[in-house]
Amino acid sequence: MKNIVILISGSGSNMAAIAKTAKRDDWAGQFDARVACVISNRAQASGLKLARDMGIATETIDHQTYPNREAFDQALARCIAPFDLAEHPALVVLAGFMRILTPGFVAHFSGRLLNIHPSLLPAFPGLQTHQRALDAGCKLAGATVHQVTAELDHGKILAQAAVPVLPGDTAERLAARVLSQEHLIYPAAIADLLRSL
Ligand code: GRF
């Protein structure tokens, strides 16, 4: 069976959308795939409870307890290893995971490491995307699912959704409108990838 390992740092709403879609659309039957584990770098991430409530195994690897990025990423890779089978390499899905991964980690999971970013890449990589889109006077905003490469918020684009920027929008209102689309395109992009494996 192909294992999907989801990395989170916070509320985990994308993780929950993926796990719910996996169940609703029977990814086990369709693709021989399952959401096997959710890993957070923050013990207080509320997404951990969401995952446990859905019967998904969880792990916390607190980045603050490691001396550097390499040591943290090695611990992360060790945690993923039991789900990463030679005949069925794991899919590693970043969903609001607020850590920059080392080139070694990215290379190891190359082609099966995905991220969702709340902008229409290549516009606005990095943080504060919604405020930056408002400040730039954008009429459209959105989200992008992409392959992860060593360069932050780059990599092959797998899916995008655009939403209108409305008069009087705040970063929070725009973020909520974008997030509701993230919950649709991320599971769909993962299903497409599983179909092609
Ligand atoms: C999303 O907006 C995602 O695009 C960004 O971080 C947020 C995570 O939200 N990378 P959640 O934890 O999935 O609710």
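Side chains included, hydrogens not; waters and symmetry mates left out as well; all remaining heavy atoms used. These numbers come from a predicted model, not from an experiment. Position 1 is the first residue of the sequence; numbering continues from there. Order of listing sets the numbers, starting from 1, for every ligand and every atom in it.
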Taking all atoms of both residues into account, what is the closest heavy-atom pair of Ala43 and Leu48, and its distance?
-> O-CD1, 3.5 Å
Hey, does Gly12 sit under 4.0 Å from ligand 1 if you only count heavy atoms?
-> yes
Proximal ligand 1 atoms for Ser13, defined as those under 4.0 Å from one of its heavy atoms = 11 (P), 12 (O), 13 (O), 14 (O)
Between Met98 and ligand 1, find which residue part has any heavy-atom pair under 4.0 Å and reply side chain, backbone, both or neither.
-> neither
Among the clusters formed by ILVMFWY side chains lying less than 4.5 Å apart, do Val148 and Phe83 turn up in the same one?
-> yes
Phe72 vs Tyr66 aromatic rings, parallel, tilted or perpendicular, using cut-offs 30° and 60°?
-> perpendicular
Which pair of heavy atoms, one from Cys79 and one from Ile61, lies closest together, and at what distance?
-> CB-CD1, 3.5 Å
Is it true that Asp135 and Arg132 have a side-chain N and a carboxylate O under 4.0 angstrom from each other?
-> no
Can you sort out which atoms of ligand 1 are near Gly96, meaning under 4.0 Å from one of its heavy atoms?
-> 6 (O), 8 (C), 10 (N)
Side-chain donor-acceptor contact under 3.5 Å, His117 with Thr129 = no
For ligand 1, which atoms, with element, lie under 4.0 Å from some heavy atom of Ser11?
-> 11 (P), 12 (O), 14 (O)
Ligand 1 contacted by Ile116 (non-hydrogen, < 4.0 Å) | yes
Based purely on interatomic distance, does Met15 place a nitrogen or oxygen under 3.5 Å from a nitrogen or oxygen of ligand 1?
-> no
Has ligand 1 got any nitrogen or oxygen that is less than 3.5 angstrom from a nitrogen or oxygen of Asn14?
-> yes
Common cluster, Met15/Leu193, ILVMFWY with side-chain heavy-atom separation under 4.5 Å = yes
Ignoring hydrogens, just give me the one of Gln181, Glu182, His183 whose non-hydrogen atom is nearest atom 4 (O) of ligand 1.
-> Glu182
protein heavy-atom neighbour closest to atom 5 (C) of ligand 1 works out as Pro118 CD, 3.9 Å
